[in-house]
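Structure, as structure tokens:
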Protein chains: 2
Amino acid sequence: MRILIIEDDRRTSEYVVKGLSEAGHLAEALADGRDALVHATHTPYDVLVVDRMLPGLDGLSLVRALRASGVQTPAIFLTSIGGVDDRVDGLEAGGDDYLVKPFAFSELLARVNALGRRPAVQAEKTVLRVADLELDMARRTVKRGGQKIDLQPREFTLLEVLMRNEGRVVTRTMLLERVWDFHFDPKTSVVETHISRLRAKIDKPFEVALLHTVRSTGYSIHAPL
Amino acid sequence: MRILIIEDDRRTSEYVVKGLSEAGHLAEALADGRDALVHATHTPYDVLVVDRMLPGLDGLSLVRALRASGVQTPAIFLTSIGGVDDRVDGLEAGGDDYLVKPFAFSELLARVNALGRRPAVQAEKTVLRVADLELDMARRTVKRGGQKIDLQPREFTLLEVLMRNEGRVVTRTMLLERVWDFHFDPKTSVVETHISRLRAKIDKPFEVALLHTVRSTGYSIHAPL
DNA sequence: GGGACCCCATGCGTATTCTCATCATCGAAG
DNA sequence: CTTCGATGATGAGAATACGCATGGGGTCCC
């Protein structure tokens, strides 16, 4: 299992990396919150172990930022801040578990394993679903109400990004970045064009629309109401 | 958060301004180093994003000059010069962070948020609340007492600015700047018009009003009492 | 060389915003 | 308490910006 430890205390992080490695996992450590944000976004880890107090970007904000950008990797907070409210904050920020220092390594291992197993659920999550629309990452297929729909690659990625952010508005800028890997505004209507084509396939032939435009901002996909 | 981008490549700067604005910040751009020196000295920005290669005055000298004159505004260098030594130069000149082009917008956003003294939390927090009125930035939705309310984009931004300043009076000038990006008085009643419309939606249908007029000054939103 | 796919330019229809004129309200002064 | 000037509210129409659809041409790959 691939695990990222974000912890600025060198001793702790080495200890944890060593322990997890011995248990057969692939563990890496980072000390800075901002670096971690980048890595965790671009690399498919199975579990994150996050210290709350970090240089660069604190752990809470880190996890919040990850969740906000659609990264669902399970995260365990590992910290000396252990009050009830702190736990609540941690979980509300999108953490999955909370372990207070000092901790027993065996307990950390157990929890990491437990969380890592969950991706079994997430691994099946190659299928994204919004209302009666489903997108199968593995098969690269899309269906709506059992009806198979053919999408072109761009359209597929576009839909994927939208579905991963169900309910949230995805701005044009975000789309350009995630779907096109453009880091500037092309000043043309690429996005609109593809949205239009996508719509024609996933919404037009059906009763209710799932893909909504949010004028002056972007688009959002979500079940009716 | 108030952010100044100093970048001579038009495309990049427009892109960054747009992205940051979408993320709820107040972003402005300048292309010339000398202009930037003047502005950054006289205006209280929260973060500066500085290209290294600039006409007028290069980025390194710009930041050095600012620091020399006592301006402590955090600065992120944004540039294609990315060697280790260059990073060191940047940080020694008084920069706080260093991002190499091409860059992912989401990373820039994360770093900008991290640098802004009020850490990421503010930008990542997607739900603003005042009494029973809530505004969800990510979903672009507004509810009062569980009741969904449809707002037009302008109205939405207007409400957002007001809610971010809960309890404080927001002057007309501030509204013109943050909502309309007007840096002068349009001599018309744009603000009043939109306040009126906003009121009709968020206050009129309910018992108590949250949005209050402060005569001859501006408006303020806050819970009753 | 042919096909699939993707990007761009264009024109159109409409949602949204602005302007302007009028009306209401407020507060100070008489 | 009334009046008057200043300030704010409101509604309707005009102006605008925005998003949508569509076809053509370019490019890449088979």
Side-chain angles (χ1 to χ4, degrees), chain A residues 140-142 149-162 169-205 209-221, chain B residues 11 14-15 17-18 21-22 140 142 149-162 169-205 209-221:
Chain A
R140 290 242 132 197
T141 57
V142 174
I149 298 176
D150 275 328
L151 292 189
Q152 299 183 337
R154 265 286 130 84
E155 292 162 3
F156 188 89
T157 320
L158 180 57
L159 182 57
E160 183 193 333
V161 170
L162 288 166
V169 176
V170 187
T171 66
R172 259 191 209 59
T173 310
M174 294 286 180
L175 289 175
L176 284 170
E177 207 161 77
R178 300 208 185 156
V179 180
W180 279 267
D181 199 27
F182 278 7
H183 299 289
F184 54 89
D185 185 339
K187 305 280 188 197
T188 78
S189 52
V190 235
V191 179
E192 287 88 337
T193 304
H194 285 265
I195 286 281
S196 169
R197 301 231 149 96
L198 180 57
R199 238 178 205 150
K201 295 182 181 177
I202 66 162
D203 269 349
K204 277 274 175 58
L210 302 177
L211 177 51
H212 308 271
T213 109
V214 180
R215 206 157 216 264
S216 80
T217 308
Y219 299 87
S220 168
I221 205 166
Chain B
R11 280 207 315 192
E14 281 176 8
Y15 175 71
V17 167
K18 202 168 152 210
S21 304
E22 283 168 356
R140 292 240 138 197
V142 173
I149 299 177
D150 275 329
L151 292 189
Q152 298 186 332
R154 264 281 131 79
E155 293 161 5
F156 188 90
T157 331
L158 180 57
L159 182 58
E160 183 194 332
V161 170
L162 288 166
V169 176
V170 187
T171 66
R172 239 173 270 282
T173 313
M174 288 207 286
L175 289 175
L176 284 170
E177 265 189 10
R178 304 213 179 156
V179 180
W180 279 267
D181 198 27
F182 279 7
H183 298 284
F184 53 91
D185 186 342
K187 307 279 187 195
T188 79
S189 54
V190 237
V191 179
E192 286 86 341
T193 305
H194 285 265
I195 287 281
S196 168
R197 283 243 199 60
L198 181 57
R199 245 179 198 146
K201 294 183 180 176
I202 66 162
D203 270 350
K204 278 275 174 58
L210 302 177
L211 177 51
H212 308 273
T213 306
V214 181
R215 205 152 219 269
S216 78
T217 310
Y219 300 87
S220 166
I221 205 166

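Per chain, numbering begins at 1; letters A, B, ... match sequence-line order.
Considering only residues two or more places apart in sequence or on other chains, A/Asp181 meets the salt bridge (charged side-chain N to carboxylate O under 4.0 Å, His left out) condition with none of them. The side-chain contact (heavy atoms from CB on, under 4.5 Å) check on A/Thr188 picks up A/Pro186, A/Val190, with sequence neighbours excluded. With sequence neighbours excluded, no residue satisfies side-chain hydrogen bond (donor to acceptor under 3.5 Å, both in side chains) with B/Thr157. A search for side-chain contact (heavy atoms from CB on, under 4.5 Å) contacts involving B/Gln152 returns B/Glu155, B/Lys201, not counting sequence neighbours. Applying the side-chain contact (heavy atoms from CB on, under 4.5 Å) criterion to A/Ser196, with sequence neighbours excluded, gives no partner residue. By the ring pair (Phe, Tyr, Trp, His ring centres under 6.0 Å) test, A/Phe184 is found to be paired with A/Phe182, residues two or more places apart in sequence or in another chain being considered. Qualifying ring pair (Phe, Tyr, Trp, His ring centres under 6.0 Å) partners for A/His183, counting only residues two or more places apart in sequence or in other chains: none.
Taking atom NZ of B/Lys201 as the reference point, atom P of D/dG11 lies 13 Å away to the nearest angstrom. Following rounding to the nearest Å, B/Asp185 (CG) and D/dG8 (C1') show an atom-to-atom distance of 14 Å.
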Give the B/S/- string for nucleotides 18-30 of chain D, one per nucleotide from 5' to 3', where a protein heavy atom under 4.0 Å of the base yields B, of only the sugar-phosphate yields S, and otherwise -. BSSBBB-------
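Within the 4.0 angstrom heavy-atom criterion, no nucleotide atom of any strand lies near A/Pro186.
A 4.0 Å heavy-atom criterion places the boundary nucleotides of DNA chain C facing chain B at C/dT16 to C/dC26, written 5' to 3'.
Proximity of A/Ile149 to A/Leu198: side-chain heavy atoms (C-beta onward) are nowhere separated by under 4.5 Å.
Sorted by first and then second residue, the pairs that involve residues 184-198 of chain A and meet salt bridge (charged side-chain N to carboxylate O under 4.0 Å, His left out), not counting sequence neighbours, are A/Arg172-A/Glu192, A/Asp185-B/Lys18, A/Lys187-B/Glu14. Among residue pairs with one or both ends in residues 210-221 of chain B, those qualifying as side-chain hydrogen bond (donor to acceptor under 3.5 Å, both in side chains) are B/Arg199-B/Thr213; sequence neighbours excluded.
Rounded to 10°, the angle separating the first-five-pair axis and the last-five-pair axis of the helix from C/dG1-D/dC30 to C/dG30-D/dC1 equals 30°.
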